[in-house]
Number of protein chains: 2
Amino acid sequence: MSKVNIKVLAEQLQLSVSTISKALRDSYEISDETKKKVLELAAQLNYVPNPYASSLRKKKSKTIAVVLPEVADNFFSLAINGIQSIAETKGYHVLIYLSHEKFANERTILEDCQSGRVDGVLISISSETKSAEHIIKLQANNIPVVFFDREQESIETARVTTNDYDCGLMAANHLLKKGCRKPAFVSISQSLPICLNREEGFKAALTEAGIPEANQQIIYCTDNDSMYDQIKTILQNKHRPDGLIASVEKIVTPVYLACHELGIHIPEDIKVIAFATLDTAPILNPPLTTITQPAFEIGKAAATLLFKGIEKSTFDLSKERMVIPSVLIERESTAGGS
Amino acid sequence: MSKVNIKVLAEQLQLSVSTISKALRDSYEISDETKKKVLELAAQLNYVPNPYASSLRKKKSKTIAVVLPEVADNFFSLAINGIQSIAETKGYHVLIYLSHEKFANERTILEDCQSGRVDGVLISISSETKSAEHIIKLQANNIPVVFFDREQESIETARVTTNDYDCGLMAANHLLKKGCRKPAFVSISQSLPICLNREEGFKAALTEAGIPEANQQIIYCTDNDSMYDQIKTILQNKHRPDGLIASVEKIVTPVYLACHELGIHIPEDIKVIAFATLDTAPILNPPLTTITQPAFEIGKAAATLLFKGIEKSTFDLSKERMVIPSVLIERESTAGGS
DNA sequence: CTGAAAGCGCTAACAA
DNA sequence: TTGTTAGCGCTTTCAG
């Protein structure tokens, strides 16, 4: 099966390669008759254009990179869905890269992205990422970058996030309203804006409510493997919190398991609310109150912005900031109180 | 920022482009001294090779495509993880394409894959896919294809699956052992081998146990949107099943919700077991008995096979069949009986 | 050990 | 309306 290319078509039709090329792209320069002949033969010979030849020549790859910490997380998989939905309509291809929450991986990935392999990058940074140079370098190479959800604050470019601070407030106020007096906030990073903002909202709400700082417990579970043990320790503490905010989805299962193991009842002994897009939230034991992020929409919006940045050289990404609010969905895990 | 390429390096060092090219790839033809100079300048100028130029020349893209029905499903996201883990070590890039369970989408995607954009394809077919021509066409273009989980049976190529038939048997026998007399099997496709094989195992177990065919209910929920209503209808039926096997993960939430809505108790009124890799299974209400598929391992194994097929022309994929068994994890949703 | 030159498949001036 | 030609950036003979 020798590969059929433009030259083969040209020979068979006794035309030049440029005529074929133009005909294939429906150029106004080519007669309808010729176009028809070309398209027919192309279909007949199962001609498929070589994208890399075209990319090399046009310096456009029609490909974007999505760089994220992991895929096995409902937020990210829904965001990918949103991104794909836009990429499809635009005819773009999507490369997926996983940082596994490691800065070193993220840097390596972005280095490769400078090669011309992609026309733009959508990124949700790792929980380790503090520096911004690897991203700045990308921009210096004229590769547009758009953040979704997990941004790097010092960088000048578009970002699509949810209203993290307000949600932190909302979550904490919800627990207060339900009668909690010493709620805890479980975070996975001391640098990620999503975590910090949610945490700030949490603290502001408690302070406003007159809860002493000593009762504003914040727990950092930066290591995935020890998360379960860490949570268990907290729940066994004599200052055991009476409410808990899970700043990200993956904290939920260990919390529920630990409570069960220790005979601590949700919501009687401790109320739980989580930032999560889990579709099993309503069937958990007990059903979980969530701050549900618009993951699909965030992906869509970020992709839309990125394509604007790619396709319209006049479009300035640097000041774009889009905030799509999350919603609190109350379920039994925070029942009780007033 | 004018892009630095091999030619720029050559000029600056007063060397030829071919020397640079060889030096960069650490060819034995080049002196250590020259190599060192080249590497230094490359680092200094932040040289990144253009992958498309290289691909065009070498006719290798160092890229694979992963084609699957959806990402927002724990099985698939874990499989992607497994695939990525191998691709990373091999230095390959991963393009993700979603068929959204539509045959037409799948065909379009695979057509593009014939372009040389990818060196190989990993695919889990859509629930609609019956024909195989689109896949055969790929192979005719010398693009190796490996199936993971959802295979197309008539095609001669490698596949990595789990022991679906046995798991169907196992699930049904588990329900029988727990006292079910008229269990139902909920499927999403009448053509997908994973569903058919699980279904066959189910029927074989019941027949073996002397359950009349009339009590071997099989329900096809081919449409996502109406799944909830369909399940509710079944549960309201006077021949309501006393056990239920969910053939795929996404059936779980609607089943639990419908039971709750109708006041049907799991496991007292109906026992539920599901093919799922849900990490929330142990914290559901009640905890869900699962047939847990080795999703990560399936992804890994499929990718490993694909790369063998890509890199070793002597390696024959056509007869490779790998079956990685799932495990039944018993939880409360099937409690009771003997 | 280094260099010259051809060409991967396609596009885009520019001619005709 | 069609054709000629010169590359895109890289690899790879083949010569030197």
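All values derive from a computational prediction rather than experimental measurement. Each chain gets a letter, A, B and so on, in the order the sequences are listed, and its residues count up from 1. Worth knowing before you read on, the calculation uses all heavy atoms, side chains too, and leaves out hydrogens, waters and symmetry mates.
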Given atom [atom1] of [X] and atom [atom2] of [N], what is their separation to the nearest angstrom?
X     : N     : atom1 : atom2 : answer
A/I30 : D/dT2 : CD1   : P     : 5 Å
A/E11 : C/dG9 : CD    : C1'   : 13 Å
A/L13 : D/dG3 : CG    : P     : 10 Å

Below 4.0 angstrom, N of the basic side chain to O of the carboxylate: do [X] and [Y] qualify?
X      : Y      : result
B/K90  : B/E311 : yes
A/D26  : A/K35  : yes
A/R159 : A/E320 : no
B/D112 : B/R117 : yes

*Look at all strands and tell whether B/S55 reaches a base, only sugar-phosphate, or nothing, counting heavy atoms closer than 4.0 Å.*
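Nothing: the residue B/S55, judged by heavy atoms under 4.0 Å, touches no strand.
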*asked:* In terms of relative ring orientation, are A/Y92 and A/F307 parallel, tilted or perpendicular, with 30° and 60° separating the classes?
replied: tilted
*Would you give a per-nucleotide map of nucleotides 8-16 of chain D, 5' to 3', where B means the base has a protein non-hydrogen atom under 4.0 Å away, S means only the sugar-phosphate does, and - means neither?*
BBBBBB---
*Taking the side chain from A/S55 and the backbone from A/K60, do they hold a donor-acceptor pair closer than 3.5 Å?*
yes
*Which nucleotide in the set C/dG3, C/dC1, D/dT2 lies at the smallest distance from any side-chain heavy atom of A/L15?*
D/dT2
